[in-house]
Amino acid sequence: MGSNAETLEFQAETRQLLRLVIHSIYSNKDIFLRELISNASDALDKLRLESLTDSSLVEDTTDLHIWLEADKDARTLTVRDNGIGMSRDDLVELIGTIAKSGTADLLQKIKESKDTATAESLIGQFGVGFYSAFMVADKVTLRTRRAGTSSGTQWESDGEGVYTIQEVDGLPVGTTVTLHLKPTDSEDGLADYLSEPKIRQIVKQYSDFIRWPIRMATEHTNADGETTRDIDTLNSMKALWARPRSEVSEDEYHEFYQQISHDWQAPAETIHMRAEGTFEYEALLFIPSQAPFDLFSRETKPGVQLYVKRVFIMDDCEALMPNYLRFVKGVVDAHDLSLNVSREILQHDRQIRGVRRRLVKKVLGALKDMQAKDAERYAKVWTQFGRALKEGLIEDTDNTDALLELVSAASTHDPEKTTTLRQYVERMKDGQESIYYLTGETRAMVENSPHMEAFTAKGYEVLILTDPVDEVWVDQVPAFDGHRLQSIAKGQVDLDASADGDQETDADKAQREQDFAALLTWLATTLSEQVKQVRLSSRLTTSAACIVGDAHDVTPTLEKMYRAMGQQLPTVKRILELNPTHPLITALRTAHAANADDPALAEIAELVYGSALLAEGGDLPDPARFTRLLTDRLTRAL
């Protein structure tokens, strides 16, 4: 034992801070081992770097490692490394951080924090993760000798009133931290930290990808009942994201993907990237080939894990991936974050927001490349995740253009294959300015809608949108490549030419409007409770009538969705359009001109409106009345 031992008393503020660390801050006591292993890994990194840059430093770096030792008799757990070590001054500077100025400020911030997660992140920012050891230990002894020096130092404390520092001779280079463990207490979250399975579980969860081997002597019993002690390496050290892509095989990628996703199918795409500069990180992301069953569950969270220098920090890091890319699996390993950074801190961190932007662009870029190079594989991915990706058109205005390029939709161009918006634009007729679409519950319902008649007759392609999210995003996106997206069930439609290709003159239109003016006025009055306007249609060729909305009206399907979510909307009256060439409408005009007061005409008006409502898949306000009126009219016709 050396000399120069000192017993020092913690300041009052420091004692208060220690009590918070030990008793209040950390919700998961297992992380003490993560902190100690991370410190040891840093020490090994520093020794390796210093040995390469300082020729005067003569230390053996051929077997850098971390050693764990559980002594059940003494109830001690030891974490030892043969890294850079610390001098006496280093020890005071690094381990004594909380005794320096700023403690009062830290305490005030902790008191002001609203939850333990924020408090944990503050502790980490002040560099006192080492003190989490006192959550599980009654006493902590630290012995260390810095590389290139001959004298070692011992630091010891019970985490209460005092700590001691003294010189110690004969120590190896590196640092040894010995924890004198508290008794196991499941109610207080104190596990049996001398149990080999528990130690293995913590190392596997938090430190599996640390680049240095984490070793421990373990006992094994053979078939003959003989007990032997072997040296086991507890961590895999296989951080694929830290290796160049050229050195990683597809089998290794698939194995890692299966490990983090629990999906036994191969991923559709692997994205391996590294960013250097002011904020360094590596990322290894996977686009699955099949959607999980809970993709659209409210409880589903993004599947990207966050590491800091190969140390696991958290699952499902929302700050790294937007909700519409929640199906992406993988890891992001940041080099410059605190180990105890919280979700709340991440959400407001400028550098993390920058990482998120780059990750999103990388994922969308990978999907775009897949679309261009392997259309069949992309079609399968879109089938699985297209609905989620379209949520991005509502949530992520910064990437609207990139997402629109990815959109794939059914259309009247092909009964089986989908089309991209780019392909639609390339097929547009000369003079066509808008991209036409119609939303509905099923393809059959959309294809048989009266709104499609003129478009089908004149050869205009119409997108068939049947996902619930389609009702929302088409109103959020103004245009694609300069072409406005227009619903054929909203607003005025004028395709300029009749079904047989003849051009209708303005004089013809004016005469027709005059011929039907009286009928339109009477119908608007008769159906005033149901519609806000009755007009002649240019979109119908075979049906008698259809119902359309104004350009900015909420669609009936969207109105239903809002009501199902508990949001009450004012009733939206729509427009009844009549086909002036249909026999029913011309006969109705003739009957009205002959006897406008005939009560039977009002019933026919109700039937025309109800039929139009049913044709688009709508709900009748009074099905029993509609059925009775229809039955009466059929009876009279026989």
* Apply side-chain contact (heavy atoms from CB on, under 4.5 Å) to Glu426 and Thr420, showing your working. => CA-CA 10 Å; Glu426 291 171 354; Thr420 65; over 6 Å; no
Between [X] and [Y] (side chain of the first, backbone of the second, donor and acceptor by atom type, cut-off under 3.5 Å), is there such a pair?
X      : Y      : value
Ser41  : Ile37  : no
Asp294 : Ser297 : no
Glu35  : Phe32  : no
Ser543 : Leu540 : no
Asp374 : Met370 : no
Asp30  : Ile202 : no
Arg310 : Ser207 : no
Arg326 : Phe296 : no
Tyr378 : Leu406 : yes
Glu395 : Gly392 : no

Are [X] and [Y] side-chain neighbours, meaning at least one heavy-atom pair lies under 4.5 Å?
X      : Y      : result
Val548 : Arg539 : yes
Thr412 : Tyr460 : no
Leu359 : Met273 : yes
Leu421 : Leu463 : yes
Arg34  : Val311 : yes
Leu33  : Tyr206 : no
Tyr609 : Val531 : yes

* To do: Give the C-alpha distance, both sets of side-chain angles, the deciding distance and a yes or no for side-chain contact (heavy atoms from CB on, under 4.5 Å) between Val462 and Val446.
  => CA-CA 10 Å; Val462 179; Val446 171; 5.8 Å; no
* Asked: According to the ring-ring contact (aromatic ring centres under 6.0 Å, His included) rule, which pairs have a member within residues 466-492, sequence neighbours left out?
  ->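 Output for this query is empty, none listed.
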Side chains of [X] and [Y]: is there a donor and an acceptor less than 3.5 Å apart?
X      : Y      : value
Ser236 : Asp208 : yes
Tyr436 : Arg484 : no
Tyr324 : Asp396 : yes
Arg245 : Thr270 : no
Gln384 : Gln290 : no
Ser411 : His413 : no
Thr542 : Glu453 : yes
Gln201 : Gln205 : yes

For a quick test of reading the model, state the closest non-hydrogen atom pair linking [X] to [Y] and the distance between them.
X      : Y      : value
Tyr437 : Leu485 : CE2-C, 3.8 Å
Gln265 : Ser289 : OE1-OG, 3.6 Å
Phe385 : Pro288 : CE1-O, 3.2 Å
Gly303 : Asp316 : CA-OD1, 4.1 Å
Val308 : Leu337 : CG1-O, 3.2 Å
Leu576 : Ala612 : CD1-CB, 4.2 Å

Any Lys/Arg nitrogen of [X] or [Y] sitting under 4.0 Å from an Asp/Glu carboxylate oxygen of the other?
X      : Y      : value
Asp42  : Lys309 : yes
Lys390 : Asp467 : yes
Glu461 : Lys429 : no
Arg211 : Asp45  : yes
Glu391 : Arg387 : no
Arg356 : Glu318 : no

* Evaluate side-chain contact (heavy atoms from CB on, under 4.5 Å) for Asp333 paired with Tyr281, printing each intermediate quantity in order. => CA-CA 5 Å; Asp333 189 355; Tyr281 65 91; over 6 Å; no
* Asked: Picking from Lys490, Lys532, Gln492, what satisfies side-chain hydrogen bond (donor to acceptor under 3.5 Å, both in side chains) with Asp550?
  ->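 Of all the options given, the one that passes is Lys532.
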Does [X] have any salt bridge (Lys or Arg N to Asp or Glu O under 4.0 Å) partners at least two apart in sequence or in another chain, and if so, which?
X      : result
Arg574 : Glu616
Lys380 : none
Asp263 : none

* Asked: Angle class for the Tyr307/Phe312 ring planes (parallel below 30°, perpendicular above 60°, tilted otherwise)?
  ->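 Plane angle over 60°, so perpendicular.
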* Asked: Aromatic rings Trp241 and Phe209: how do their planes relate, parallel, tilted or perpendicular, breaks at 30° and 60°?
  ->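 It falls in the perpendicular class, over 60°.
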* Asked: For Lys573, does the NZ atom have more than 12 heavy-atom neighbours from other residues, nucleotides or ligands under 6.0 Å away?
  ->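 More than 12 heavy atoms, drawn from other residues, nucleotides or ligands, come within 6.0 Å of this atom.
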* Heavy atoms from other residues, nucleotides or ligands near CD of Gln432 exceed 12 (cutoff 6.0 Å) -> yes
* So how far is it from Leu234 CG to Ile210 CD1, rounded to the nearest 0.5 Å? -> 12.5 Å
* OG of Ser132 to CG of Leu36: how many Å apart, nearest 0.5 Å? -> 6.0 Å
* **Within 45° cone of Tyr257 ring axis and under 6.0 Å: Lys329 NZ or CZ** =>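 No, cation not above the ring by the 6.0 Å, 45° rule.
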* Asked: Can you check side-chain contact (heavy atoms from CB on, under 4.5 Å) on Val304 and Val332, steps first, answer last?
  -> CA-CA 7 Å; Val304 177; Val332 173; 3.8 Å; yes
* To do: Quick one: which residue pairs count as a salt bridge (charged side-chain N to carboxylate O under 4.0 Å, His left out) with a foot in residues 404-413, not counting sequence neighbours?
  =>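 The answer is Lys368-Glu405, Glu405-Arg422.
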* **Residue pairs involving residues 267-288 (criterion salt bridge (charged side-chain N to carboxylate O under 4.0 Å, His left out); sequence neighbours excluded)** => Glu269-Arg377, Arg274-Glu276, Arg274-Glu282
* To do: Check the pair His335, Phe279 against ring pair (Phe, Tyr, Trp, His ring centres under 6.0 Å), reporting the backbone distance first and the verdict last.
  => CA-CA 7 Å; His335 294 193; Phe279 190 79; 8.5 Å; no
